[in-house]
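In what follows, chains are A, B, ... by sequence order, proteins preceding strands, each numbered from 1.
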There are 2 protein chains.
Amino acid sequence: MPERQGGETLLFLTDEQLRQGIEAMFFAYQGFTADPDRILATMAYGRAHHRAVHFIARIPGTTVNNLLAILGVTKQSLNRVLRTLIEDGLVESRVGTVDKRERHLYLTEAGKSLEQKLSDAQRGRMRTAYRNAGPEAVAGFRKVLEAMMDPEMRRRYQAMRDKGT
Amino acid sequence: MPERQGGETLLFLTDEQLRQGIEAMFFAYQGFTADPDRILATMAYGRAHHRAVHFIARIPGTTVNNLLAILGVTKQSLNRVLRTLIEDGLVESRVGTVDKRERHLYLTEAGKSLEQKLSDAQRGRMRTAYRNAGPEAVAGFRKVLEAMMDPEMRRRYQAMRDKGT
DNA sequence: TTGGAATGTCAACAAAGCTGACGTAATGTG
DNA sequence: CACATTACGTCAGCTTTGTTGACATTCCAA
């Protein structure tokens with residue numbers, strides 16, 4: 001019973017449909033973080049460490065400032081996490097060669113090993129979800145997620161994506 | 001150049017593709033919570049209050065225990081949030097009639113008003129994302145999110161969804 | 001009727017976010 | 001060169017939101 005008010009998509013946009021989308025995001029995110037969280041709980045690390053390690057793996061040599069912008073936290077908050085990772089020998093911080101104020105961040109072998117472990121767990125769930133939903137659904141999934149990002153984050157995301165592909 | 005290894009979907013499942021999905025979830029969730037967070041920051045509330053208020057609105061009369069299971073936190077953590085909401089007159093807690101151990105939770109008028117405000121903000125972004133992505137993408141989006149949930153949460157989600165629709 | 005299970009509350013603590021202030025080194029600019 | 005700015009680190013202190021442990025009340029079943 002669409003009332004053909006002008007666009008074919010209008011039927012989707014009832015508050016109820018939107019609310020279901022909101023709840024789907026909430027419950028899916030729970031699942032999304034559950035597996036790595038379980039691993040992290042056995043060590044002295046939390047989700048914040050996971051995020052840092054993930055993006056250092058993704059962008060080796062990234063600066064503290066860049067990581068800050070990606071994660072959207074304050075430097076004090078990130079610094080606490082980074083300090084423990086460096087102390088524990090998972091992350092290496094090298095003074096920049098061209099600009100010596102910058103610190104470039106790299107994973108050590110131990111860091112790569114942890115990242116791999118966490119990443120494997122998280123990818124496992126993602127792989128299963130992708131398989132069960134099928135390729136068309138996956139394309140739609142990514143399209144909506146991109147549309148939901150803040151513009152600046154979308155820029156960052158797309159830049160990373162295009163570099164990796 | 002798919003190598004037709006057995007399924008048409010195999011091409012999607014490179015680690016790189018999965019990693020992009022993971023990052024899309026991360027950045028999208030940032031956006032997803034950004035608008036309500038901004039509103040909450042102007043009051044003495046946080047994301048935990050939002051979640052509680054959302055599901056009490058969604059399931060009026062729900063018990064503390066049920067809310068606990070949905071939110072996936074400890075009862076002590078939820079209790080703190082509920083206490084402030086009750087003190088501030090946003091939530092009403094009624095002792096159960098059949099089982100007096102249970103507390104049934106309801107939003108007051110003030111609670112409904114706050115819920116509406118937060119919900120409007122969050123739905124606004126969701127609506128824009130849905131519009132930009134199109135109805136097919138939305139279907140895929142929801143399909144993948146459902147596949148990503150823990151089975152128990154998926155059950156809960158679907159029950160709520162089917163009741164609301 | 002009594003003991004265990006379920007429900008919810010209080011207390012104390014931990015992780016991870018925040019603001020503000022400050023120091024240092026390097027860089028850029030008038 | 002002098003001075004402002006940038007990048008980073010750190011200290012102190014606070015807030016939110018998670019945790020475990022102990023405990024009161026209520027219900028139910030042996």
In whole Å, I'd like the distance from the NE2 atom of His50(B) to the P atom of dT16(D). 17 Å

Want to settle it: does Arg51(A) or His104(B) sit nearer the 5' end of DNA chain C, counting the closest nucleotide to each? His104(B)

Write down the distance between CZ (Arg101(A)) and P (dG28(C)), rounded to a whole number of angstrom. 6 Å

Looking at dG8(C), dT20(D), dT26(D), which one has an atom nearest to any side-chain atom of Lys75(B)? dG8(C)

Which of these nucleotides, dC18(C), dT20(D), dG17(C), is closest to any side-chain atom of Ala48(A)? dG17(C)

Give a yes or no on whether a donor-acceptor pair under 3.5 Å exists between the nucleobase atoms of dG17(C), that is its base, and the side chain of Arg80(A). yes

Has the side chain of Arg103(A) got a donor or acceptor atom sitting under 3.5 Å from an opposite partner on the base of dG9(D)? no

To the nearest Å, how far apart are Tyr45(A) OH and dA14(C) P? 18 Å

His49(B), nearest nucleotide to its side chain (from dT27(C), dC18(C), dT17(D)): dT17(D)

Between dT20(D) (P) and Leu78(B) (CG): distance, integer Å: 15 Å

Grab the CG-P distance between Leu68(B) and dT7(C) for me, whole Å please. 10 Å

Walking DNA chain C from its 5' end, the first of Ser77(A) and Thr97(A) to be reached, judged by nearest nucleotide, is Ser77(A)

Given dG9(D), dC27(D), dG8(C), which nucleotide is nearest the side-chain atoms of Ser93(A)? dG9(D)

Length of the line joining Leu67(A):CG and dC8(D):C1', which is rounded to integer Å: 13 Å

Ile70(A) side chain near Phe27(B) side chain, heavy-atom distance below 4.5 Å: yes

Just the rounded figure in Å: distance from P of dT17(D) to CG of Leu82(B). 12 Å

Looking at Arg156(A) and Asp150(A), is there a salt bridge between them, counting it only when a charged N and a carboxylate O are closer than 4.0 Å? no

Can you confirm if the NZ or CZ of Arg125(B) lies within 45° of the ring axis of Phe32(B) and under 6.0 Å from the centre of its six-membered ring? no

Let's see if you can work this out: which of dC27(D), dG8(C), dT10(D) has an atom nearest to the side-chain heavy atoms of Glu102(B)? dG8(C)

Atom CD of Gln76(B) to atom C1' of dA15(C): distance rounded to whole Å? 17 Å

